[in-house]
Trainee: 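First the structure, then my questions, so here it is.
The shown structure was predicted, so the numbers you read here are calculated from the model rather than taken from an experiment. So that the names make sense, note that chain A is the first sequence line, chain B the second, and so on, each numbered from 1. Just so you know, these numbers use all the heavy atoms, side chains as well, and skip hydrogens, waters and symmetry mates.
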Protein chains: 2
Amino acid sequence: MMVINHNNWVMRMSFYTADSLKAELHERGWRLTPQRQIILDIFQNLDAGKHLSAEDLYDLLQTEGHDISLSTIYRTVKLMARMGILRELELAEDHKHYEINQPYHHHHHLICVRCNQTIEFKNESVLKIGDKTSKKEGYHLLDCQLTIHAVCPSCQRSILPVY
Amino acid sequence: MMVINHNNWVMRMSFYTADSLKAELHERGWRLTPQRQIILDIFQNLDAGKHLSAEDLYDLLQTEGHDISLSTIYRTVKLMARMGILRELELAEDHKHYEINQPYHHHHHLICVRCNQTIEFKNESVLKIGDKTSKKEGYHLLDCQLTIHAVCPSCQRSILPVY
DNA sequence: GTCTTATTGAGAATAACTCTCTTTTAATTA
DNA sequence: TAATTAAAAGAGAGTTATTCTCAATAAGAC
Ligand SMILES: [Mn+2]
Ligand SMILES: [Mn+2]
Ligand SMILES: [Zn+2]
Ligand SMILES: [Zn+2]
């Protein structure tokens, strides 16, 4: 099911099936592979609030018996982020995290810059701002993320070494 | 001059002087060095809308006759970002960019995921959301950024290769 | 001026990610 | 169903932004 909201942003409201993923890939001249299907499956069934790095995803796939190479994983998550299927998150660590991009569960991140503790929060107006801004400039919206950098309560209490 | 807004977020409204920078460093047991002063100076006098990578900053310093090592540059921008003096931006490229963090000139970024073209835009409510959210969780706000990932008009027209 | 220790500079090390190249295979067509 | 073609996968080398290490320097305190 696809829904077009009042601002004309096409939002996918339900999960992908093999067929709907295939259709979106074929639209662009690309192919549906078992690897892509399996990777999307992982993200669609991931608990809310969980993010995976490429390495995380590799390990998870291994434990489930799927031998998908790191190269393919890197290529696939980037591809899906550029399609708007996944969100590419820059949290506090030195690598990217990915999660499914579901407008219904659209949320944002509050990050402690010292201990990297991350809190998720929802805010209805952020998506509206992203929608309005991208539309105004003629851009096709894929995702918008509000990232708050801050110092958490316990880190405020401790004395901070520079390095 | 420091101003406390209605939400209690301490916002620095004016430029740092050697003295005010020194004071903030000493508060944490750190030192004011010529290198830190020079680097902050660069950012404070940078044209609005310009962002510098570590490498950019290194080159700019060289042309101005300042021999500051890359190590020091990396350490300094990270330090100042964690103090809330600089904003650390994850734009579309594979390295970070930095700019001064001035609430008066607070703005956000709309990025084309295909050609990396970036548009800056302002939105008054974003800072309010960041303020409210961090306060609610007891976090000390440093910065908040809304990043919109999208496809620009000209990239929408072109046929997309996967890689 | 002396002392302590944070900071700098130089270069090595790390690691996330990309690239290259060969092999495999998805999708199309006959 | 078999043949064809080009996209995608896998393996591993390569790249590069960033961090780390350590000796030398210098900021700040007394
Ligand atoms: Mn999340
Ligand atoms: Mn900017
Ligand atoms: Zn913390
Ligand atoms: Zn573009």
Trainee: Counting side-chain heavy atoms from C-beta on, which of C/dA26, C/dT18, D/dG28 comes nearest to A/R31?
Mentor: C/dA26

Trainee: Return the nearest nucleotide to the side chain of A/H95; candidates are C/dT8, C/dT25, C/dA16.
Mentor: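 Nearest nucleotide to the side chain: C/dA16.
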
Trainee: If each of B/A54 and A/L25 is mapped to the nucleotide of DNA chain D with the nearest heavy atom, which maps nearer the 5' terminus, i.e. the 5' end?
Mentor: A/L25

Trainee: State whether the side chain of A/R87 and the backbone N or O of A/C144 hold a donor-acceptor pair below 3.5 Å, judged by distance alone.
Mentor: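 Checking the backbone N and O of A/C144 against the side chain of A/R87, a donor-acceptor pair under 3.5 Å is found.
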
Trainee: Would you please confirm or rule out a distance under 4.0 Å between OP1 or OP2 of C/dT25 and any side-chain N or O of A/Q35?
Mentor: no

Trainee: Hey, does the side chain of B/Y74 come within less than 4.0 Å of D/dT18's phosphate (OP1/OP2), counting only N and O?
Mentor: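 So the side-chain polar atoms of B/Y74 do come within 4.0 Å of the phosphate oxygens OP1 or OP2 of D/dT18, strictly under.
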
Trainee: Between A/S69 and D/dA9, is there a side-chain N or O to OP1/OP2 distance below 4.0 Å?
Mentor: no

Trainee: Is B/K22 close enough to D/dG28 that one of its side-chain N or O atoms is under 4.0 Å from OP1 or OP2 there?
Mentor: yes

Trainee: Atom CZ of A/R28 to atom C1' of D/dA7: distance rounded to whole Å?
Mentor: 16 Å

Trainee: Just to confirm, is there a sub-4.0 Å distance from OP1 or OP2 of C/dT7 to any side-chain nitrogen or oxygen of B/T72?
Mentor: no

Trainee: Taking the side chain from A/D131 and the backbone from A/L127, do they hold a donor-acceptor pair closer than 3.5 Å?
Mentor: no

Trainee: Starting at CD of B/E55 and ending at C1' of D/dT15, how long is that distance when rounded to a whole Å?
Mentor: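 One finds 14 Å between C1' of D/dT15 and CD of B/E55, rounded.
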
Trainee: Tell me: CG of A/L91 to P of C/dA16, nearest whole Å?
Mentor: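 About 14 Å, once rounded to whole Å.
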
Trainee: Check for me whether the distance between the ring centres of A/H51 and A/H109 falls short of 6.0 Å.
Mentor: yes

Trainee: Mind calculating the distance between CG (B/L79) and P (C/dA6) to the nearest angstrom?
Mentor: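 Interatomic distance, CG of B/L79 to P of C/dA6: 14 Å.
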
Trainee: From CG of A/L32 over to C1' of C/dT28, roughly how many Å is that when rounded to an integer?
Mentor: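 Checked: the CG to C1' distance equals 16 Å.
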
Trainee: Ignoring backbone atoms, establish whether B/R36 has a side-chain N or O less than 4.0 Å from OP1 or OP2 of C/dT8.
Mentor: yes

Trainee: When you measure from the side-chain N and O atoms of A/S71 to the phosphate of C/dT18, is any distance below 4.0 Å, counting only OP1 and OP2?
Mentor: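 For C/dT18, OP1/OP2 do not have a side-chain N/O of A/S71 under 4.0 Å.
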
Trainee: Tell me: CG of A/L70 to P of C/dC19, nearest whole Å?
Mentor: 16 Å

Trainee: Quick check against the 3.5 Å criterion: does A/S20 have a side-chain atom that pairs as donor or acceptor with the backbone of A/Y16?
Mentor: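 Not confirmed, A/S20 side chain does not pair with A/Y16 backbone.
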
Trainee: If you check every side-chain atom of B/R75, which of D/dG10, C/dT18, C/dG9 has the closest atom?
Mentor: C/dG9

Trainee: If I take atom CD1 in residue B/I38 and atom C1' in nucleotide C/dT7, what distance separates them, rounded to the nearest angstrom?
Mentor: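 Interatomic distance, CD1 of B/I38 to C1' of C/dT7: 14 Å.
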
Trainee: Can you tell which of C/dT8, C/dT7, D/dA17 lies closest to the side chain of B/D94?
Mentor: D/dA17

Trainee: Taking the six-membered ring where the residue is Trp, are the ring centres of B/H97 and B/H95 under 6.0 Å apart?
Mentor: yes

Trainee: How close or far is atom C1' of C/dT18 from atom OH of A/Y58, stated in whole angstroms?
Mentor: 17 Å

